[in-house]
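Values reported hereafter were calculated over all heavy atoms of this structure, with side chains retained and with hydrogens, waters and symmetry mates removed. Remember, predicted model here, so these are calculated numbers, not experimental data.
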Amino acid sequence: MTPTSPDWSALRADFPILDQQVHGQPLIYFDNAATSQKPRSVIAALTHYYEHDNANVHRGIHELSNRSTIAFEAARTRTAKFINARSAEEIIFTRGTTESINLVAQSWGTKNLKPGDVVLLTEMEHHSNIVPWQLLAARTGATVRYLPVTGDEGLLDLSRLGEFLTPAVKILSLVHISNALGTVNPVAKLCARARQLGAVTLVDAAQSAGHMLVDVQEIGCDFLALSGHKICGPTGIGVLYGRGEVLEAMPPWQGGGEMILTVGYDKPTFKPPPHRFEAGTPDISGPIGLHAAMDYLDAIGRDRIFQHDQELAEHAYEQLRTKLSGIRLFGPRRGRAGLVSFLLPDVHAHDVVTLADQGGVALRGGHHCTQPLMHKLGVESTARASFYFYNTRAEVDRFVEVLQEVQKFFTA
Ligand SMILES: Cc1ncc(COP(=O)(O)O)c(C=O)c1O
């Protein structure tokens, strides 16, 4: 640990949920890629809002409505700073990454795609970055293509980029950190290549935004999606970043209150972005909780969090590789993000997760909403341990011991 590193173990005290036993064992929470735990400051921000300020936003003149509106819009400004957007108008609140991508597919996609156009994804996308495009393709006649993944080491096969990134590609939409492999994709480089061809770009930052510094200007993307619940914030709140000029040209995707300027019996007129894309009463406490989460993460430093995640993941990878015979590990050996996906020989991933749970270790087993990738790798599912800054090396060591017990159980 460098002198400036936080005391990672001490940060655990900020997370009341971590201090408990599961099946008589201390909880080891390694399901952070599914959702992160929430620090006291986020819980307190939510409680404070409901105890003191709760009112609807943007429409009231009374004090509570003013306070709510100020807090809601302050969260937008904070989010812009968190990802280095040029302005708060580039931040749309959604329910999460899934809704953010659906918004782009429905609004931008319906307006801009026609038969012959290509939506370029990668073979490692989460279903939320596949299905909206498949639905769009069915509506517009566009085609969805997938940049290949190399195999178990889980890298994008960039040697084939020229074959896939052609002038027919109108949008490149790809994941920053793969939730199934732990791969960190070179998104800035790929967005630059796509831009040269005039394509629009979307980055799925669900697994990266809370784990590393994410700067939309540095990445050079047109859209970026993230989920609050994966970055210490509440469930039900997410973000779509859209580059100003691109958002300006997009039609609404849902109609209702809040997003209109005027409504007549014949037709409405719409507010400018971001409000054009936020119909109805929004989740108000969500952005307020998210604001507290962003403050919390940046007080630690996302560059440090990334380093800590990587150290845990590399340690876990090496321990699993050397201590569990026949284990199949997915994703790159070096430079991986904070998760490890694996299969023990002749043991179903669900059995691994069930037995690990008896040892107090929360893992995830399944296709991780990446069925096409699983199919490509020739597996149905994997088990996955995913880390965050409040996890420790001692927890990784205990997790490896538990897996050794699981392996013994199945080979006895
Ligand atoms: C890479 C990736 N993209 C998108 C999503 C979808 O996020 P949400 O369910 O919060 O919309 C996830 C969730 O696991 C994810 O890991």
Tightest non-hydrogen contact, residues Pro148 and Phe164, listed as CD-CE1, 3.5 Å
Check: Ser107 side chain, Leu103 main-chain N or O, donor-acceptor pair, under 3.5 Å | no
Side-chain donor-acceptor pair present, His176, Ser208, cut-off under 3.5 Å = yes
Under 3.5 Å, side chain of Ser128 to main-chain N/O of Thr98, donor-acceptor pair present?
-> no
Is the backbone of Ile260 close enough, under 3.5 Å, to the side chain of Arg276 for a donor and an acceptor to pair up by distance?
-> no
Say whether Tyr50 and Ser285, considering side chains only, have a donor N or O and an acceptor N or O under 3.5 Å apart.
-> yes
Taking all heavy atoms of Leu339 and all of Ala33, pick out the closest pair and write down the distance.
-> CD2-CB, 4.4 Å
Are the side chain of Lys170 and the backbone N or O of Val119 linked by a donor-acceptor pair below 3.5 Å?
-> no
For the pair Arg76 and Glu278, find out whether any cationic side-chain nitrogen is under 4.0 Å from an anionic carboxylate oxygen.
-> yes
Specify the closest pair of heavy atoms between Gly326 and Pro345, including all atoms of both residues, with the distance to one decimal.
-> O-CD, 3.4 Å
Point-to-point distance, once rounded to the nearest 0.5 Å, from CD1 of Ile288 to CD1 of Ile237 | 10.0 Å
What residue among His58, His291, His275 forms ring pair (Phe, Tyr, Trp, His ring centres under 6.0 Å) with Phe72?
-> His58
Are any side-chain N or O atoms of Asn112 and backbone N or O atoms of Trp108, one a donor and one an acceptor, separated by less than 3.5 Å?
-> yes
For the pair Thr201 (side chain) and Asp222 (backbone), establish whether a donor and an acceptor sit closer than 3.5 Å, ignoring hydrogens and angles.
-> yes
Thinking salt bridges, do Arg333 and Glu318 make one under a 4.0 Å N-O criterion?
-> yes
List the atom of Leu121, the atom of Trp133, and the distance in Å for their closest heavy-atom pair.
-> CD2-CD1, 3.5 Å
Rounded to the nearest 0.5 Å, how far does CD1 of Ile17 lie from CD of Gln37?
-> 4.0 Å
Return yes if some donor-acceptor pair links the side-chain N/O of Asn129 with the main-chain N/O of Ser173 below 3.5 Å, else return no.
-> yes
Can Ser87 and Glu90 be counted as having a side-chain donor-acceptor contact under 3.5 angstrom?
-> no
Presence of salt bridge, Arg384 and Asp31, under 4.0 angstrom | yes
Can you see which heavy atom on His126 is nearest to which on Thr370, and at what distance?
-> CA-CG2, 4.0 Å
May I ask you to say whether Arg78 pairs ionically with Asp298, meaning some side-chain N is under 4.0 Å from a carboxylate O?
-> yes
Ion pair check, Glu395 and Arg398, cut-off under 4.0 Å = no
Give a yes-or-no answer on whether the side chains of Ser386 and Asn32 include a donor-acceptor pair shorter than 3.5 Å.
-> no
Phe399 and Phe30 aromatic centres sub-6.0 Å = yes
Donor-acceptor under 3.5 Å (Arg195 side chain, Gly220 main chain) | yes
Tyr241 and its side-chain contact (heavy atoms from CB on, under 4.5 Å) partner, picked from Ile83, Thr79, Val203 = Ile83
Residues passing the side chain to side chain contact (heavy atoms under 4.5 Å, CB included) test with Thr47, sequence neighbours excluded, are Ile43, Glu51
Ser68 side chain to Asp53 side chain, donor-acceptor N/O pair below 3.5 angstrom | no
Euclidean distance, Leu213 CG relative to Phe82 CZ, rounded to 0.5 Å | 8.5 Å
Any donor-acceptor pair under 3.5 Å linking the side chain of Arg393 with the backbone of Ala316?
-> no
Does His367 have its ring centroid less than 6.0 Å away from the ring centroid of His375?
-> no
Name the orientation class of the two ring planes belonging to His211 and Tyr388 (parallel below 30°, tilted from 30 to 60°, perpendicular beyond 60°).
-> parallel
Can a donor-acceptor pair be found between the side chains of Ser178 and Thr183 at a distance below 3.5 Å?
-> no
Assess the side chains of Tyr296 and Asp14: does a donor N or O sit below 3.5 Å from an acceptor N or O?
-> yes
Distance-minimising heavy-atom pair for Phe277 and Leu247 | CZ-O, 3.7 Å
